[in-house]
Amino acid sequence: MSEQNILATIDGVNITDAEVDAYIANLPQEQKIYAANPQFREHCLKQILAMHLYAKMAVEEKMDETEEFKSMMATAKRDILAQLAVNKVLKDVDVTEEEERAFYEANPQHFTKGETVHAKHILVDDEEKCNEIMAAIAEGGVSFEDAAMKYSSCPSNAQGGDLGEFGRGQMVPEFDQAAFAAEVGQVVGPVKTQFGYHLIKVEDKKEASVAPFEEVKDHIHNSLFQQKQNQVYTEKYKELHEKYMK
């Protein structure tokens with residue numbers, strides 16, 4: 001939209017698309033997604049008009065001459081100047097890829113992924129029934145997935161019993177121990193837990209590993225950037241404190 005597109009005029013002051021854009025830019029992120037919606041922009045325009053109209057009222061009633069107004073203006077001026085100063089102090093803070101890689105190589109423990117298992121299961125409330133299903137699967141009379149859909153009481157039955165990938169400690173101890181001990185492709189059970197009796201089929205296993213640099217690069221950058229900003233901010237604060245706190 002054109003920044004010169006005049007949407008309304010209040011006592012000779014034009015309200016343009018640019019002012020609406022600036023208003024939206026200062027809204028919370030979850031509201032900004034509606035920026036292109038005509039009804040939302042109309043709502044924002046009404047809010048801007050309300051601010052202008054109430055400001056006109058305040059001037060007519062000479063509220064800008066009160067001590068309250070002067071105090072608020074002084075506070076606003078201080079806050080704006082402080083923010084401008086902070087922006088200037090932090091504007092040259094940056095993190096290089098060399099620094100990112102150095103941190104990555106020096107701290108592998110931060111990027112280690114624990115071992116995981118991808119498993120499916122069948123849950124029933126009776127051990128004998130669990131053994132019967134196990135035998136049927138072993139004999140090839142039914143696939144594990146079909147048996148899960150037919151017999152399992154777990155909501156995962158709709159996905160053939162698929163629980164996805166999980167790490168140690170995410171399941172109850174008895175299930176966890178059996179799943180991580182099983183070989184890929186192996187069906188084990190019955191495994192008794194507080195929920196009932198399980199048959200477990202392991203689809204895949206992954207050993208503990210360090211995440212590749214490219215996968216964690218952005219996280220490292222943001223973390224180091226924040227650390228550097230905090231360090232520069234603190235050092236400047238100490239300098240200013242010594243300079244002005246007499």
Next on the checklist: I'd like to know whether Arg101 forms a salt bridge (Lys or Arg N to Asp or Glu O under 4.0 Å) with Glu98, so could you lay out the CA-CA distance, the side-chain angles of the two residues, the decisive distance to 0.1 Å, and finally the verdict.
Outcome noted: CA-CA 5 Å; Arg101 286 191 179 276; Glu98 289 73 18; over 6 Å; no
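- In terms of heavy-atom proximity, Gly167 sits nearest to Thr116 at CA-CG2, 4.3 Å.
- A 6.0 Å sphere centred on CE of Met63 holds more than 12 heavy atoms belonging to other residues, nucleotides or ligands.
- Proximity of Gln194 to Val172: side-chain heavy atoms (C-beta onward) are separated by under 4.5 Å at one or more points.
- In this structure, Glu215 and Ala211 approach most closely via the heavy-atom pair OE2-CB, 3.9 Å.
- What you find for Tyr197 and Pro190 is that their closest heavy atoms are CD2-CB, 4.2 Å.
- Interatomic distance, Asp79 CG to Leu84 CG, rounded to the nearest 0.5 Å: 11.0 Å.
- Side-chain contact check for Asn14 and Thr9: at least one donor-acceptor pair (N or O, by modelled atom type) lies under 3.5 Å.
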Item to check | side-chain contact (heavy atoms from CB on, under 4.5 Å) assessment of Leu53 paired with Ile10 | outcome: CA-CA 8 Å; Leu53 292 171; Ile10 300 176; 4.1 Å; yes
Next on the checklist: Walk me through whether Met171 and Leu163 qualify under side-chain contact (heavy atoms from CB on, under 4.5 Å).
Outcome noted: CA-CA 10 Å; Met171 301 295 179; Leu163 295 170; 4.2 Å; yes
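- Residue pairs satisfying the salt bridge (Lys or Arg N to Asp or Glu O under 4.0 Å) criterion with at least one member in residues 143-157, sequence neighbours excluded, are listed as follows: Lys120-Glu145, Glu145-Lys201.
- Around CD of Gln186, the count of heavy atoms belonging to other residues, nucleotides or ligands within 6.0 Å exceeds 12.
- Note on Ile137 and Ile200: separate hydrophobic clusters, where clusters join Ile, Leu, Val, Met, Phe, Trp and Tyr whose side-chain heavy atoms are under 4.5 Å apart, directly or indirectly.
- In this structure, the side chain of Thr112 engages the main chain of Pro108 through a donor-acceptor pair within 3.5 Å.
- Between Asp162 and His121, the side chains place no donor N or O within less than 3.5 Å of an acceptor N or O (distance only, hydrogens not considered).
- A 4.5 Å side-chain heavy-atom check between Tyr34 and Arg41 finds every atom pair outside the cut-off.
- The 12-atom threshold is not exceeded at CG of Asp125, counting heavy atoms of other residues, nucleotides or ligands nearer than 6.0 Å.
- Taking the six-membered ring where tryptophan is involved, the planes of Tyr233 and Tyr237 are essentially parallel, since the angle between them stays under 30° and well short of 60°.
- Using a 4.0 Å cut-off between charged nitrogen and carboxylate oxygen, Lys129 and Glu132 do not count as a salt-bridge pair.
- Every pair tested for ring pair (Phe, Tyr, Trp, His ring centres under 6.0 Å) that includes a residue from residues 137-168 fails, sequence neighbours excluded, so the list is empty.
- Within a 6.0 Å sphere centred on CD of Glu97, heavy atoms belonging to other residues, nucleotides or ligands number more than 12.
- Dense packing is recorded around CZ of Phe213, with more than 12 heavy atoms of other residues, nucleotides or ligands lying under 6.0 Å away.
- Val188 places none of its side-chain heavy atoms less than 4.5 Å from the side chain of His198.
- No continuous path of hydrophobic side-chain contacts links Val59 to Met73 [ILVMFWY only; heavy atoms under 4.5 Å].
- Of the inter-residue distances, the one linking Lys238 atom NZ with Thr234 atom OG1 reads 7.0 Å to the nearest 0.5 angstrom.
- A donor-acceptor pair is defined here as one N or O able to donate and one able to accept, closer than 3.5 Å; such a pair exists between the side chain of Asn157 and the backbone of Cys154.
- The backbone N or O of Ser71 lies less than 3.5 Å from a partner atom in the side chain of Thr75, making a donor-acceptor pair.
- Using modelled atom types and a 3.5 Å distance limit, the side chains of Asn87 and Gln83 yield a donor-acceptor pair.
- Considering all non-hydrogen atoms of both residues, Phe103 and Ile220 come closest at CD2-CG2, 4.0 Å.
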Checklist entry - What do the steps show when you test Glu207 against Lys113 for salt bridge (Lys or Arg N to Asp or Glu O under 4.0 Å), and what is the final call? => result CA-CA 8 Å; Glu207 297 297 326; Lys113 296 179 177 179; over 6 Å; no
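- Here Glu99 pairs with Lys228 in a salt bridge; the nearest charged N to carboxylate O distance falls below 4.0 Å.
- Atom CE of Met51 has more than 12 heavy atoms from other residues, nucleotides or ligands within 6.0 Å.
- For Glu174 and Lys192, the salt-bridge test fails: no basic side-chain N is under 4.0 Å from an acidic carboxylate O.
- More than 12 heavy atoms of other residues, nucleotides or ligands shown are found within 6.0 angstrom of CD on Glu30.
- Side-chain contact between Phe180 and Val202 is absent, with no heavy atoms from C-beta onward closer than 4.5 Å.
- In this model, no donor atom of one side chain and acceptor atom of the other lie less than 3.5 Å apart for Gln226 and Asn222.
- Taking a 6.0 Å sphere around CD of Gln39, one finds it holds 12 or fewer heavy atoms contributed by other residues, nucleotides or ligands.
- Between the side chains of Glu235 and Gln231, at least one donor-acceptor pair of N or O atoms lies under 3.5 Å.
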Checklist entry - Under the side-chain contact (heavy atoms from CB on, under 4.5 Å) criterion, do Met72 and Glu68 qualify, and how do the steps go? => result CA-CA 6 Å; Met72 291 173 69; Glu68 181 182 10; 4.0 Å; yes
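- We find that Glu100 and Lys217 are joined by a salt bridge, their nearest charged nitrogen and carboxylate oxygen being less than 4.0 Å apart.
- Smallest separation of non-hydrogen atoms from Ile133 and Ala147: CG2-CB, 4.0 Å.
- The backbone N or O of His110 sits nowhere less than 3.5 Å from a side-chain atom of Asn107 that would complete a donor-acceptor pair.
- Sequence neighbours left out, the pairs with a member in residues 42-56 that pass salt bridge (Lys or Arg N to Asp or Glu O under 4.0 Å) are Asp11-Lys56.
- In this structure, the separation between CG on Leu7 and SG on Cys44 is 11.5 Å, given to the nearest 0.5 Å.
- Contact annotation: the side chain of Asp17 approaches that of Asn5 to within less than 4.5 Å [non-hydrogen atoms, C-beta and beyond].
- Note that the CD1 atom of Ile33 and the CG atom of Leu27 stand 11.5 Å from one another [nearest 0.5 Å].
- Following chains of ILVMFWY side-chain contacts shorter than 4.5 Å, one cannot reach Val187 starting from Val184, and the two form parts of different hydrophobic clusters.
- Looking at Ser223, its side chain never comes within 3.5 Å of a backbone N or O of His219 through a donor-acceptor pair.
- Of the possible polar contacts, one joining the Ser153 side chain to the Leu123 backbone as a donor-acceptor pair under 3.5 Å is found.
- Taking both residues in full, the closest heavy atoms of Asp176 and Gly169 are given as OD2-N, 2.8 Å, listed atom of the first, atom of the second, then distance.
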Checklist entry - Could you go step by step and tell me if Ile15 and Leu45 meet the side-chain contact (heavy atoms from CB on, under 4.5 Å) rule? => result CA-CA 8 Å; Ile15 311 301; Leu45 174 60; 3.8 Å; yes
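- Once rounded to the nearest 0.5 Å, the distance linking CZ of Phe175 with OG1 of Thr193 reads 8.0 Å.
- Checking Glu165 against His118 by side-chain atom types alone, no donor-acceptor pair falls below 3.5 Å.
- Leu199 and Met149 are not part of a single hydrophobic cluster, where members link through side-chain heavy atoms under 4.5 Å apart.
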